[in-house]
Amino acid sequence: MSFLTSTTHLHITTWVLALVLFFIAALASKPNKGVHMALRVMYILIIISGGALFMEWRSNIAESGMYYDMKVLFGILVIGFMEMILVRKKKGKPTTMFWALFAIVLAVTLYLGLSTGIGMNF
Ligand code: HEM
């Protein structure tokens, strides 16, 4: 299964597509079932590609400490807030608080992903 873990490109592709679908769904004036369904498929692909990276690299890079664990936790939170925003929007409930939390966890996830050992490193 090295195609999942030899580079981070697949993982990056999945979450970039998810963000695009999320913004299309979130900024549209009415709920779009198809886009939301496609986004949910992307969630699964993000978790598979991220989970594979996690299992492959966590134990290999001992000095990373809890970075990888935190990366996974925040990655899952990003998915959680995307879903919360879309479901609350559909029900006509306020989403402002969730947008703020989404922005924060997304920033933390990008920081953790880009500062840990593998893939691109700034
Ligand atoms: C929408 C949510 C997510 C975003 C925006 C995101 C973003 C990123 C970014 C920017 C990287 C660095 C890629 C690189 O360095 O080339 C990365 C790597 C990684 N992601 Fe995610 N991710 C998300 C969800 C997840 C999930 C759900 C998991 C686990 C199930 C996960 C596990 C990982 C792992 C283990 C790495 C390797 C860390 C490293 O680069 O050293 N990610 N992710």
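Counting starts at 1 for both ligands and their atoms, following the listed order.
- At least one heavy atom of G51 sits closer than 4.0 Å to an atom of ligand 1.
- Note that the CE atom of M70 and the CG atom of L112 stand 7.0 Å from one another [nearest 0.5 Å].
- Scanning A52, S115, G113 for the heavy atom closest to atom 11 (C) of ligand 1 points to G113.
- To the nearest 0.5 Å, atoms CD1 (I79) and CD1 (I46) are separated by 4.5 Å.
- With rounding to the nearest 0.5 Å, the separation of CD1 in I104 from CZ in F81 is 8.5 Å.
- Proximity of L19 to ligand 1, defined as any heavy-atom pair under 4.0 Å, is not found for any part of the residue.
- Taking backbone and side chain together, G75 holds no N, O or S atom under 2.8 Å from atom 21 (Fe) of ligand 1.
- In this structure, OG in S49 is found 11.0 Å from CH2 in W15, a value given to the nearest 0.5 Å.
- If you number the atoms of ligand 1 from 1 as listed, the ones under 4.0 Å from a heavy atom of I46 come out as 24 (C), 25 (C), 27 (C).
- Here is the list of ligand 1 atoms found below 4.0 Å of a heavy atom in I12: 13 (C), 16 (O).
- The proximity of W57 to ligand 1, defined as any non-hydrogen pair under 4.0 Å, does not occur for either the backbone or the side chain.
- Residue T109 places no N or O, backbone or side chain, under 3.5 Å from any N or O of ligand 1.
- Hydrophobic cluster membership differs between I48 and L73, with clusters built from Ile, Leu, Val, Met, Phe, Trp and Tyr side chains linked at under 4.5 angstrom.
- Proximity annotation for atom 43 (N) of ligand 1: of M82, E56, K71, K71 comes nearest, heavy atoms only.
- For ligand 1 and F54, the ligand atoms under 4.0 Å from any heavy atom of the residue are 35 (C).
- Hydrophobic clustering of Ile, Leu, Val, Met, Phe, Trp and Tyr side chains at less than 4.5 Å, counting indirect connections, keeps M37 apart from M42.
- The aromatic rings of F102 and F22 lie tilted to each other, with the angle between the two planes from 30° to 60°.
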